[in-house]
Enquirer: 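There's a structure below that I have some questions on.
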Amino acid sequence: MTSILQKIDESIQASRKDPEFLASESIKNDSARVLISAKMDKDALILWQYVYENVPNWIEITVKDDCNDEVKPSSCSEGDKLNITLKCIASENNRYIFTLEGWNVFLHNDDLVSITNKVNILGLKHGFETLGYSVEPWNHAPEKIESNETVRTSINLQSYVKFYSSEFMPASDIAPWVLYKMPEAEDNFFKKWLQVSCNMLCRTLVNELLADEKKSICLTGKPPKKLIYGDPDILLSDYSVLQTVINWIFIEGNEIELKHTFFTSELAREWPEYVSFCEGLPKKLPMAFESAKLLYKAHIRASSRETIKSLSDLRKTLAEDTQKIISQSKDITSALWKDLALVISLFAIKYALDASKINITNNIFSYMFFALSIYIFISQVTTLFINKNYFKILDNTRLVWRDKLYGFLDDTDYENLAVTPLREAYKAYQIIATFVVILTLLISFIMIILGFSMLDEHATNAITSWLSSHLINSYCS
């Protein structure tokens, strides 16, 4: 299998001896196709005949002469012009490329580049890898591969750079143009990728791309600059610096738009007159990069101070809210003890009067017991109702201000820092409130029973009769 692919590559290279050699390659989601057109010498005819006779079933080959008739290479004479078409199957994520010309076509097709995971190239000696796809020598039959298991975050460059024409626009994704693994040795395929990558990356370091007569760019610095784009091949010797800058802006960390703005502003500062963008970039690139990093560090420090202040405010607010919940717990407990003191005082007065043999109006203490039980019950229910509404307002207010004041915290951090301590404090309040409710009901019930026990027979009958008549009327209605 390897030998036939090697023979195809040797045949294509032998055909290149013709000064009028032409290779036209098209790459689709389900196939790869190349047309080789050249005047063949004896060596090329022998090689193509071998390919013609030994071609595997996953490659289709068609050989036509200058009159568009199908022929065999062995039937042709030296110097005859042949049009040879090779076609093989491919998959959406896995590309197969026959020639350097086809590689160039692929690199300039943004739609294909952005969805490809692997590229196999005939004649490639040393593979390399970008953040978007791997490039390997083609030495096996085409195979279908699944998309990358590790889903990369696509960074759409077109959201950071304005453009007005599809002929002069940034790439849709940065990953295919950022080198991840160097080849062991550079060949023409890697050099072609470098050339196209420089062009694509240069387009990301501006604010606007203008597809006018000479292709211009705009930098929105102080003052703003409009410059001729120029030849990006100038940057091939400074490619490592360009990659470092691109990694810092788009790959490392967040705040891409901010870093991009800082960098383009620094590029625009003191740009030399009558110098195109690509021509001036090698000199300006390192200086603008260092200045942009300093600006970003200053921004981070300022943001850190604001963050620390916001966290301090959050801690202060949290302490106040927790203290309020604790205070509410103390208040309901204190109110209960005060009510209990009233009950004890009433008992003390009654038994003191009984011991002194002082006559008091019949049933007065019974009615006082009833009134006090009702007072205690209403007092505690009112306090608990007010506290419940207060806590509801507190929760709603915290939700409203969560994104406005503490948006820099993710949900987990906010939960741990703010919500959990308040929830724990509220649980403690609930336990105390439950205890207070039970004790209030118990005290009220005991006082009502004691009140009934102190009533004389006439009052008891009167109350029973009144309750019975109202209950019957309510039931009948």
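Note: hydrogens, waters and symmetry copies are ignored here, and every other heavy atom, side chains too, is used.
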Enquirer: Should Val34 and Ile84 be marked as a side-chain contact (heavy atoms from CB on, under 4.5 Å) after you check the CA-CA gap, both sets of side-chain angles, and the distance that decides it?
Expert: CA-CA 8 Å; Val34 63; Ile84 302 174; over 6 Å; no
Enquirer: Less than 4.5 Å apart, any side-chain heavy atom of Thr130 and any of Tyr133?
Expert: yes
Enquirer: Can you tell me which residue pairs pass the salt bridge (charged side-chain N to carboxylate O under 4.0 Å, His left out) test with a partner in residues 75-86, sequence neighbours excluded?
Expert: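 Output for this query is empty, none listed.
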Enquirer: Are the side chains of Asn207 and His260 in touch, meaning some heavy atoms are under 4.5 Å apart?
Expert: yes
Enquirer: Would you mind reporting whether Val196 and Trp177 have side-chain heavy atoms less than 4.5 Å apart?
Expert: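 Yes, side chains in contact.
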Enquirer: Please evaluate residues Leu281 and Leu267 with respect to the criterion side-chain contact (heavy atoms from CB on, under 4.5 Å), reporting the C-alpha separation (whole Å), side-chain torsions for both, the decisive distance (0.1 Å), and the verdict.
Expert: CA-CA 8 Å; Leu281 201 55; Leu267 270 185; 3.8 Å; yes
Enquirer: Show your reasoning for whether side-chain contact (heavy atoms from CB on, under 4.5 Å) applies to Phe98 and Ile27.
Expert: CA-CA 10 Å; Phe98 288 94; Ile27 303 165; over 6 Å; no
Enquirer: Can you find a side-chain donor-acceptor pair between Ser172 and Asp110 that sits under 3.5 Å?
Expert: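 Present: a donor and an acceptor within the cut-off.
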Enquirer: Report the distance from atom CD of Glu101 to atom CZ of Phe21, rounding to the nearest 0.5 Å.
Expert: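 Output value for this atom pair is 5.5 Å.
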Enquirer: For Phe277, enumerate each residue passing the ring pair (Phe, Tyr, Trp, His ring centres under 6.0 Å) test, keeping only those at least two apart in sequence or located in another chain.
Expert: Trp271
Enquirer: For Leu210, is there any backbone N or O sitting under 3.5 Å from a side-chain donor or acceptor partner on Lys226?
Expert: no
Enquirer: Does Trp193 have its ring centroid less than 6.0 Å away from the ring centroid of Phe128?
Expert: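 They qualify: ring centres under 6.0 Å apart.
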Enquirer: Grab the two heavy atoms, one from Ala268 and one from Leu219, that are nearest each other, plus how far apart they are.
Expert: CB-CB, 3.8 Å
Enquirer: Got a sec, which residues hit side chain to side chain donor-acceptor pair (under 3.5 Å) with Glu136, two or more places apart in sequence or on another chain?
Expert: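 Side chain to side chain donor-acceptor pair (under 3.5 Å) list for Glu136, sorted by chain: Lys118.
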Enquirer: For the residue pair Gln430 and Lys427, confirm or rule out a side-chain donor-acceptor distance under 3.5 Å.
Expert: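 No - no donor-acceptor pair under 3.5 Å links their side chains.
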Enquirer: Within a strict 4.5 Å, meaning less than it, do heavy atoms of the Leu227 and Ser276 side chains meet?
Expert: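 No, too far: nothing below the 4.5 Å cut-off.
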Enquirer: Tell me which donor-acceptor pairs under 3.5 Å the side chains of residues 184-191 have, and how far apart each pair is, sequence neighbours excluded?
Expert:
unit_1: Asp187; atom_1: OD1; unit_2: Phe189; atom_2: N; d: 3.2
unit_1: Asp187; atom_1: OD1; unit_2: Phe190; atom_2: N; d: 3.0

Enquirer: How many angstroms lie between atom OG of Ser75 and atom CG of Leu45, to the nearest 0.5 angstrom?
Expert: 9.0 Å
Enquirer: With sequence neighbours excluded, what pairs up with Tyr229 under the ring pair (Phe, Tyr, Trp, His ring centres under 6.0 Å) test?
Expert: Phe168
Enquirer: Would you mind reporting whether Lys392 and Lys388 have side-chain heavy atoms less than 4.5 Å apart?
Expert: no
Enquirer: With Ser37 as reference, evaluate Asn83, Asp18, Asp66 under the side-chain hydrogen bond (donor to acceptor under 3.5 Å, both in side chains) test and give the passing residue.
Expert: Asn83
Enquirer: Enumerate the residue pairs fulfilling salt bridge (charged side-chain N to carboxylate O under 4.0 Å, His left out) with a member in residues 29-49, sequence neighbours excluded, ordered by first and then second residue.
Expert: Lys17-Asp41, Lys17-Asp43
Enquirer: Does any part of the side chain of Val55, heavy atoms only, come nearer than 4.5 Å to the side chain of Leu86, both counted from C-beta?
Expert: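 SC-SC contact between Leu86 and Val55 ruled out.
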Enquirer: As an exercise, state the distance from CD1 of Ile115 to CG of Asp173, rounded to the nearest 0.5 Å.
Expert: 12.0 Å
Enquirer: Can you confirm whether Ser197 sits close enough to Gln243 that some side-chain heavy atom of one is under 4.5 Å from a side-chain heavy atom of the other?
Expert: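 Yes; the side chains approach each other to less than 4.5 Å.
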Enquirer: CD1/Ile217 to CG/Asp212 distance, rounded to the nearest 0.5 angstrom?
Expert: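 If I round to the nearest 0.5 Å, the distance is 11.0 Å.
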Enquirer: Would Lys162 count as a cation-pi partner of Tyr164, with NZ or CZ less than 6.0 Å from the six-membered ring centre and within 45° of the ring normal?
Expert: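 Not satisfied by the 6.0 Å and 45° rule.
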Enquirer: Hey, what do you get for OH (Tyr274) to CD1 (Ile228), rounding to the nearest 0.5 Å?
Expert: 12.5 Å
Enquirer: If you take all heavy atoms of Tyr296 and Asn254, which pair is closest and at what distance?
Expert: OH-O, 4.0 Å
Enquirer: Measure across Ser15 and Trp48 and return the closest heavy-atom pair with its distance rounded to 0.1 Å.
Expert: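 Nearest heavy atoms, Ser15 then Trp48: OG-NE1, 2.9 Å.
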Enquirer: Please tell me if the side chains of Thr204 and Tyr160 come closer than 4.5 Å, counting only heavy atoms from C-beta onward.
Expert: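 Sidechains of Tyr160 and Thr204: no contact.
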Enquirer: Return the CD to CD distance between Gln49 and Glu53, rounded to the nearest 0.5 Å.
Expert: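 Result: 4.0 Å between the selected atoms.
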Enquirer: Report the C-alpha distance between Leu205 and Leu285 in whole Å, list the side-chain angles of each, state the deciding distance to 0.1 Å, and finish with yes or no for side-chain contact (heavy atoms from CB on, under 4.5 Å).
Expert: CA-CA 10 Å; Leu205 301 179; Leu285 194 64; 4.0 Å; yes
